Structures are given as structure tokens and as C-alpha cells.
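Quantities reported herein were computed from a predicted structural model and do not represent experimental measurements.
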Amino acid sequence: MKNTEKYTRQFFEAPKTSMKWADKTYIDKAPIWCSVDLRDGNQALIIPMNLEEKLEFFKLLVELGFKEIEIGFPAASETEYEFCRTLIEQDLIPDDVTIQVLTQSREHIIKKTFEALKGCKNAIVHLYNSTSLAQREQVFRKSRKEIIDIAVTGAELCKKYREKYEGNFRFEYSPESFTGTEPEFALDICNAVLNVWQPAHDDKVIINLPVTVQLSMPHVYANQIEYICENIRYRENVIISLHPHNDRGCAVADTEMGLLAGADRVEGTLFGNGERTGNVDIVTLAMNMFSQGVDPELDFTDIPKITELYTRVTRMNVYERSPYSGKLVFAAFSGSHQDAIAKGMKWRAEGHTDLWTVPYLPIDPEDVGREYSADVIRINSQSGKGGIGYILETRFGYDLPKKMREVVGYAVKSVSDHKHKELLPDEVYEIFKSKFVDVTIPLNVIESHYVQCEGIEATVTLTYNGKKAVAADTGNGRLDAVSNAIRSYTGLDFSINTYSEHALEVGSASKAVSYVEIISKGKSYWGAGIDNDIVVSSIKALVTAVNIMESDS
């Protein structure tokens, strides 16, 4: 790469901390979640949501279990103001849900923000100003003291206007661009704001420490968070919040490490929408906790429904490989993966464990509204016998013998390879049925009659190469007798090697399926047959195997 010399590390390491977070291996409880889809997410859309879409999205967030929802920047535009007023005037905010609104540290903006909240039962007023070295030097050209004065003035104005309005209004402060701010200065400005607001047990303050731009590896951010947690004033009455963006692709790691380092709260969006590379993906964070046996206290049991609404109102897509929510995240195309999944599912069904330990699947797809046969085992030219057999068994009821699965697998993969496409379960079934079930050309057995003698004598009415005939022979059983009758009439050289059967349906009048393998000149041929009569189904399977053998000659 050229121009490497242009770049330098823009973050500031925290003074030495205890690094207790590094000894923890998992997050043991859900944080306070705050969705910022309707503010941070919405402002990053090519076409921002209209009022109806925002209302629909808000209702979804409530259904999912969010208790804090940032709805916008009411003083920024009439659309934002109208949305806030609509939620309040139409009584759409449940009593246990708190809306959050953003404001800059300017009096006319703070005043209009409180006007927008008139009549609201519970709200968080989120004050912010930029604090990073780059912003101070290049954008505002102000000293540290002047930047602190902006924050303190805003805090005083928020306190002043809160006294004029009824409602449970709490405060949040963000030193925006925290990750580019010297940690000691970030601590100073947060403490200065807290001194104004005087947090108490019944009036806690949120200090939000955003990864406005990702500048460092996640452990650096964790140390910065731990430094603030260990040194901030009024800690017992301060809620430390995280708001990571994803510029380095580490938003989830930043957040998880930040929670280990002492943070209490997370601001993010569904599926990670947001400015530039997006906000942290709350779906991924919550499901990561779920996969470790910790209740995230959000309901993502119907990911397809959530994805449909999200893509419709935001006009954004969910990447196919996005953890937990992408269309392909549970899909296994590889034959070895499919085989392991199928065997893992069977092992679990046999009662070996109630815990979810299926290979290649970190969580049970059904827990997020996905289906095994449609979403897990996907069939293409890379698939194997295990996956194809799994589809036929779980979707259509055919429990193929192990050796037959391999033969059917090659046939299905050949079609996929030739067509250069994935095959849906119904297409897999049609290939199996057309190539391996009840094939009647050039040989077909129309009817058979049996007489008990030293063995079984079978009289068979058949057609072969267009000619109808009657053939008879004896055998150890009915299928063996019919096989001998076919061989004696046609002159074909084969022997039955494997036979198995099972019920295809439940009930007294259920159909049965039989599987027959024949051997001819050292080669194996398989056929399947279906009928209400198990003997007839076995003969159909035999006839199919013979016809496949004939087509190979």
C-alpha cells in the first residue's frame, strides 16, 4: 500500500487500570438496551423513514422488548418534531418504555426539545458535544476549558428547562468522539456535567462513551471504559453507556469488551445500520449472549419477520452472512458439514443431551424462526449424501439406506452441477422420485400370484421392452421368487444384495416404502418402491433397480 506514512494512531491509551475485565470470559447479564434505529439509524438512510414507517418501526421495537428507544432529534426538523408529538399525543408509548431525544448544547435547541416532550411521561434528554483533539483543533478551534464550558452550559440549560415541564425526565451526556479524546479530559468533562446534574439514586444520569469513529483495537476501548468506570464521580448513580460504530469492523467486540470493563448500557441498531459502516448490531450482541445461555431480555424469536419489516421501511438489506439474521448463516452446502449436522441432530433426538451442541450450528435455528430443511441443509453441487438424505428423511419421510444415500446424492449433485444452481427441497425430491422410485421402463411387473410349495412359487405377469408375458419361478420368499421369475424370462444377470423397508405414513392404511439393491457384474444398483402392500412396494423397488441397471448397459 502507498501513503502509509500519512496515517498515525489517533487514539489515546487510558492511564493504567486494573484490567479486571480481561479475566472475564463471558457477559453474565443483559445490559440496558437502547435502540437508536429511529435516530442514528434513520439519519444514515438514503431515504429517511416517513412518519408511518417510523411509527411501525417504533411498535416493532416495543414488541421486541426495548425499554429505551431514541426516537430522534426533535429540534432538527419538523418531521422529527412531528414524530415525537405523534407518539405522545396518540399515547403510543407504553408506561414502561422511555423515549430518548438528542440535543446539542444550544439554548434554542434545548428549549424546542423540551417543548417536543410536553406531556411525555418518561424521557431521556441526551446532550452531547464533540470533545476529541481533532474536533477541538480543526472544527471548533477551542481549548479544553472552552469545550467543557459548552457541555456545562448545556447541562445547566437542561436542568433549567426540566423544572418547567412535568414528567420523569432523565439526563444523558455524550462526549462525542470519545475514542479520539484524551481519557483524562473525557473524565474531566463528564465529571463537570455530573457536578451540574448531581445524580442520585432516584435520578441516575447516563454517561455515554461513544466509539464515534473506531480508532483502536477493542481492548484499548475496554481499558478506556474501565478507566472511566473506576474514576468517575457518583459512580453508584451513573449508568455507563456504550455507543460503538463499526469503522474497523470491531463494533461487537468493542461492545462486549466494554461491558466486561464495567459498562451498564448499550446503544445500537437492529442489524447494525448507521453512519458510514454502521452502529453496533444489537441482534448479534443479544444472540451472542443467548448462545452462551444468558437471557438477553430481547425477543428475537422471529428473525424473518423482523428482517422483513426492517428491509421494507428502511430500504436497506440484511447481508446474507450477517450473524444470526442473514439468510445463509445456518446454511450448510458442504457435504461434510451437512453430514455432521444431520448426525448431530439425530444424536440429540436420541436423547443424549438437552443442551444444544450440534456441530456447525452455534444456536438452534428454530429459536430464531428458521427451519432446518429450508435454512440449514442447502443442496448444490458441493453437497453430500448426508445432507440430501437428511432432506429426503425430514421433509418427505424417506429414510434411505446408507449406501443408497450416496448413490442418490451423486444423482442430485449432478443435476445441480449441470444447472449451476442450488436445488430446493422439492426439486431434490423430484429428482429422487423420477430416477429411483417406481421406474417401469423397460420392465414392469403388472401382477404376481404366489403358491406355497417347498419354497414360494411366483407367477408374474410382466411387460419387458413393450411385450407382455407371464413368467414363473420359485424362491426362498416372495421377492426372491419374483426376482428369479424376472431373470428366467429376461435372461438378465443380477442378484438381490440388500432389502429394507419402512412405513412412509402413519395409520392402518399407511403406505410403505421399500429399498432394493441388486448386484450385476460387480456393480450396484438401487431402487425404491411405494405401495399400500409391503410386498408390492418391494417388487416395485426391485423393478426400479433392474430398470436402472438396464439404462446403464
Side-chain angles (χ1 to χ4, degrees), residues 14 21 27 29-41 61 65-71 73 97-103 122-131 151 154-155 158 169-179 181 183 186-187 189-191 193-194 197 199 203-214 218 221-246 251-270 272 274-275 279-282 285-286 289 296-298:
W21 65 268
I27 299 163
K29 65 177 182 178
I32 301 166
W33 299 106
C34 178
S35 162
V36 295
D37 288 272
L38 297 170
R39 197 279 299 172
D40 204 337
L61 294 171
F66 285 95
K67 301 304 180 185
E68 296 182 1
I69 302 172
E70 188 167 81
I71 63 166
F73 197 149
V97 172
T98 300
I99 62 169
Q100 179 170 302
V101 291
L102 191 68
T103 181
N122 300 293
I124 296 168
V125 177
H126 182 184
L127 174 72
Y128 78 96
N129 68 309
S130 293
T131 59
C158 285
F169 295 162
R170 295 156 52 208
F171 292 141
E172 174 177 350
Y173 173 68
S174 289
E176 200 228 350
S177 58
F178 167 77
T179 44
T181 304
L187 180 66
I189 197 167
C190 289
N191 280 333
V193 169
L194 290 172
W197 285 342
D203 185 23
K204 292 187 177 183
V205 168
I206 300 166
I207 292 295
N208 189 51
L209 304 173
V211 184
T212 308
V213 179
Q214 226 165 33
Y221 180 58
N223 285 337
Q224 293 168 339
I225 297 301
E226 189 171 66
Y227 170 75
I228 298 295
C229 287
E230 290 181 347
N231 293 280
I232 200 163
R233 294 173 187 166
Y234 315 99
R235 180 64 182 98
E236 69 278 8
N237 295 320
V238 171
I239 296 168
I240 298 296
S241 178
L242 310 175
H243 182 118
H245 283 253
N246 200 38
V252 169
D254 277 347
T255 308
E256 291 182 329
M257 290 189 182
L259 288 171
L260 293 179
D264 312 293
R265 181 177 184 267
V266 173
E267 295 186 350
T269 60
L270 300 183
E275 295 281 13
N279 290 68
V280 68
D281 182 345
I282 287 182
L285 282 171
M289 294 179 60
E297 299 178 12
L298 292 174

Enquirer: Between R39 and E267, does any side-chain N to carboxylate O distance fall below 4.0 Å?
Expert: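 Salt bridge absent between R39 and E267.
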Enquirer: Which heavy atom of I232 sits nearest to which heavy atom of C190, and what is that distance?
Expert: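 Closest approach of I232 to C190: CD1-CB, 4.2 Å.
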Enquirer: Using modelled atom types only, decide if a donor and an acceptor are shared between the side chain of E68 and the backbone of T98 within a distance under 3.5 Å.
Expert: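 Judged by distance alone, no pair lies under 3.5 Å.
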Enquirer: Checking Y128 against L102 for the side chain to side chain contact (heavy atoms under 4.5 Å, CB included) test, could you report, in this order, the C-alpha distance in whole Å, the side-chain angles of both residues, the deciding distance, and whether it holds?
Expert: CA-CA 8 Å; Y128 78 96; L102 191 68; 3.6 Å; yes
Enquirer: I'd like to know if the side chain of N129 pairs up with that of Y173 as donor and acceptor (distance under 3.5 Å, no hydrogens or angles considered).
Expert: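 Short answer, yes.
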Enquirer: For the side chain of S241 and the backbone of I207, is there at least one donor-acceptor N/O pair under 3.5 Å apart?
Expert: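 No, the answer is negative, given that no donor and acceptor are paired below the 3.5 Å cut-off.
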Enquirer: Do you know which two heavy atoms are closest between I282 and S35, and how far apart they sit?
Expert: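 Smallest heavy-atom distance, with atoms named: CD1-CA, 4.5 Å.
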Enquirer: What are the two closest non-hydrogen atoms of G262 and R235, and how far apart are they?
Expert: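 Looking at all heavy atoms of both residues, the shortest contact is O-NH2, 3.0 Å.
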Enquirer: Between P199 and V238, which heavy-atom pair has the shortest distance, and what is it?
Expert: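 Closest pair (atom of P199, atom of V238, distance): CG-CG2, 4.2 Å.
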Enquirer: Check for a donor-acceptor pair, side chain of N246 on one end and backbone N or O of V280 on the other, with a separation under 3.5 Å.
Expert: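 It does not hold such a pair.
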Enquirer: How close do A14 and Y227 get, counting heavy atoms only, and between which atoms?
Expert: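 Nearest heavy atoms, A14 then Y227: CB-CB, 3.8 Å.
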Enquirer: Would you check if the side chain of N279 reaches a backbone N or O of T269 as a donor-acceptor pair within less than 3.5 Å?
Expert: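 No, the answer is negative, given that no donor and acceptor are paired below the 3.5 Å cut-off.
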Enquirer: Can you check whether I240 reaches C229 side chain to side chain, under 4.5 Å on heavy atoms?
Expert: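 Contact flag for I240/C229 side chains = yes.
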Enquirer: Can we say K29 and D264 salt-bridge, meaning some charged N sits less than 4.0 Å from an Asp/Glu carboxylate O?
Expert: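 The answer is no: the pair does not qualify as a salt bridge.
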Enquirer: Does any N or O in the side chain of W197 come within less than 3.5 Å of the main-chain N or O of D203, such that one atom is a donor and the other an acceptor?
Expert: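 Here the side-chain-to-backbone pair does not exist.
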Enquirer: So which atom in I225 and which in G258 form the shortest heavy-atom distance, rounded to 0.1 Å?
Expert: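 Shortest heavy-atom contact: CG2-O, 3.7 Å.
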